[in-house]
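First up is the structure itself, then whatever we jot down about it.
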Amino acid sequence: MHPVVKLIAQRLALGLLLLLAVSVLIFAGTEMLPGDVAQAILGQSATETALRNLREEMGLNQPAITRYFQWLGGILQGDLGTALSNKKEIATEIGARLGNTLFLAFWAAAVSVPLAIGLGLLAVRYRNRWPDKLISGVTLATISLPEFVAGYILMYLLTVKFRIFSPISTIYDSMSFGQKLNAIALPVMVLVLVVLAHMMRMTRAAILNVMQSAYIETAELKGLRPLTIIARHAFPNAIAPVVNVVMLNLAYLVVGVVVVEVVFVYPGMGQYLVDHVTKRDVPVVQACGLIFAAVYIGLNIFADVISILANPRLRHPK
Amino acid sequence: MNDELRYLLARTAQGKHSRRDFLGRAGALGMTTAMAGSLLATAARAEGPKKGGTIIAGMQGGESTNTLDPALAASEVPFAVNMTFGEMLLDVSPTNELVPRIAEEYSSSPDAKVWQFKIRQGVEFHNGKTLTADDVIATLQRHTDEKSQSGALGIVQGISEMKAEGDMVTLSLAAANADLPYLLADYHLVIQPNGGVDDPAAGIGAGAYKVAVNEPGVRHGFEKFANYWDDASGHADQVEILVINDTTARVAALQAGQVHMINRVDPKVYKLLKAAPGLQVVNSPGRGHYVFIMHCTAAPFDNNDLRMALKYAINRQEMVDKVLGGLGSIGNDFPINAAYPMFDETIEQREYDPDKAAFHYKASGHDGSPIVLRTATGAFPGAVEAAQLYQQSAAAAGIPLEIVREPDDGYWSNVWNVQPFCASYWGGRPVQDQMYSTAYLSTAEWNDTKFHNEKFDGLLIAARAELDQAKRKQMYSDMAHILRDEGGLILPMFNDFVEAVSDAIGGWETDPNGELMNGRAMTKCWLA
């Protein structure tokens, strides 16, 4: 077998194993919460009989291990269970929310990743001169601003002062693609501001590292333009660390945007999770936890694979 | 006003002239936009309701865990949803009169124990079925069943027998209750086909609008129900509720013209928003109140002198000014204000009095150790600040308070009704009896001050059977005195509902019964 295929298969297997471990952790964590699901459902009005009946009905009397495997079995068949609070199928509910989250994350990434890498390249080209300082200064300023502050400022300027965009980013199926893009313009802008600096700085640092190498000097001596050197010769060798940071930020865009979702009223996963946490809706919390973990692990595997592929020594073994 | 303006105004109100043109022309004639806007709103009201369009409300208080089962509504958005697609037997008007809805007429036996309701004929549900007396009975029965977990259980569980004969519904009560018709206007008691037993969350009602889109925690869309019986409401073709839990986003949405009305305007931005063009900020005095509650059965609060000391040690006016930003009124340690029918205005107002507080504190013989007051940001808006103000005003009377800040999460299950002294809030109830029965009757489940007073309980039960209004008012006054002077309730303030409405909306009126015109804003208003 080709060593690269073997490596990738190894990573995938490890990822699955990790996900399994996470599922144990999630289950054990929610199991350790004071009170059980029956108590959570009945709340203050819980009487002993009602609790007993409900536990019986939900199979809570079985040992935790049995319930864990039932839960895991359900998930493997795509059955995430039903929400306690509104008796809806979790899978269909999450499906729509996850779709929205990925839609927002995709557009935020589509803008921020090329922008960050481009700015990083520029910063290297003009390193320690004013464009470099400007780029670093501005991006560091925007990352230092809490997301909601950036959100409110943009909202005030672009919706109340100048009515360019809508302050509410609620999207739904009957909207056209253009309407959806217009609706998410503001949250995308905020997310771009938040993730830009990290990726830009990493690109800059990684490339600067490579710029010390002898072959860069050779390239300079044979008279290549500085930007060509950076893009053609330095950047490909700096891809591994950059991809890692990009993936971390993508993962953040999927699992960590609760605040932005609340500010712009975006129907994504974060808001959905928070609502159900406050209602002690354990099955939903477990399902969301698992999905978030899967996204994180998946993106990290992807980053690993890309850095393996970017390394010629691994691609062409002796 | 000159003739040109008057002519333009009439044309604009009739929709023959655009609003923008009118404002522009009025400006040219030397009027400010704000003046012209309010002139237009008045003219539009005089012109009467206009049909058509889409009214959108941006509301706080919706979660993705909400359902369309009317029995389970517990926050603002589900409440407004119920009031939009549902119809109850009766409504309560902004001036506290009963308005016949599904029940055309109602009457009671002289002892207020047997009530009869005549069901309106020809009312249709959204699924095409005709509403009958049996549907009404089935609805009430479902809410009586503990399994339905209805928020109206306390209201309907006193009904011992229900009977339907033709278009008459007869309800027999275990104990007399002169307020029953008011209680049946509760927002949970939406009449559903066959009581909603088959599918409680189907969203089928007999209201002006039928459910078109249901995305809990995101938005709720409604379409005008073509066969709705009452022409006096349901003016817009479509109405929509957008869930906007973030205060700033809600205000921005209104200013940007994305929504026509919002609930819960933060008192902090009240003045700023008032100056904004194109909208009105409306505060309506309500019955909701913010409280500090002491358990009358737990030391040291089992001593009435200590309770009195704490009641005298709170500066009510300061709380209204600083916590509510002036958008409210001071309380008097009983949960009733002028928004209730049969309120006794002559009860003396309790003032902040450090001397009296110190006197009672000494008389209580308390050992001087700090008294623990628990609060949380979610107890009520500004609860932490209110507790700090209380701490200072009590310190001036020599009473040491120790503030413990609890997490919002679990506050209502771990602190409220469990710990002996904490911050809390109450929404109002339509009538005095219901407020007292919910939280101050010895046997009430939510008796959160652990108040047990035989005389008070006796008066409460007796007042329910008293159909003579003057005698009943006296009884309520006596109860108020008992609670004020012996109870565990410290009630510094009643909060106003603060809402904002776009100038594009006609027909707005204030209503003490609930937010957004008691949830009926979308059905009663129109696009001017």
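Just so we're on the same page: letters track the sequence lines, and every chain starts at 1.
Nearest heavy-atom pair across B/Pro216 and A/Arg97 is O-NH2, 3.6 Å. Residue B/Asp246 comes nearest to A/Val262 through the heavy atom pair CB-O, 3.6 Å, listed as atom of the first residue, atom of the second, then distance. Of all heavy-atom pairs spanning B/Ala252 and A/Met155, the tightest one is CB-SD, 3.5 Å. Residue B/Ala249 comes nearest to A/Val263 through the heavy atom pair CB-O, 3.1 Å, listed as atom of the first residue, atom of the second, then distance.
Chain A forms more heavy-atom pairs under 4.5 Å with one residue of B/Arg219, B/Arg250, B/Gln258, B/Glu146 than with any other, namely B/Arg219. In terms of heavy-atom pairs under 4.5 Å with chain B, the best-connected choice from A/Asp275, A/Val160, A/Val277, A/Val284 is A/Asp275.
Both the backbone and the side chain of A/Tyr272 come within contact range of chain B, judged by heavy atoms closer than 4.5 Å. For chain A, no part of B/Leu68 is nearby; none of its heavy atoms comes within less than 4.5 Å. Interface remark: A/Thr170 contributes side-chain atoms only to the contact with chain B (heavy atom separation under 4.5 Å). Contacts between B/Val243 and chain A at a heavy-atom distance below 4.5 Å involve the backbone alone (N, CA, C, O).
Rounding to the nearest 0.5 Å places CD of A/Glu93 at 9.5 Å from CD of B/Glu215.
Counting heavy atoms from C-beta outward, B/Ile244 and A/Ile168 have side chains that approach closer than 4.5 Å.
No more than 12 heavy atoms of other residues, nucleotides or ligands shown are found within 6.0 angstrom of OH on A/Tyr156. Other residues, nucleotides and ligands place no more than 12 heavy atoms under 6.0 Å from the OH atom of B/Tyr425.
Screening A/Lys88, A/His276, A/Gln271 for a side-chain contact (heavy atoms from CB on, under 4.5 Å) involving B/Ser64 leaves a single residue, A/His276.
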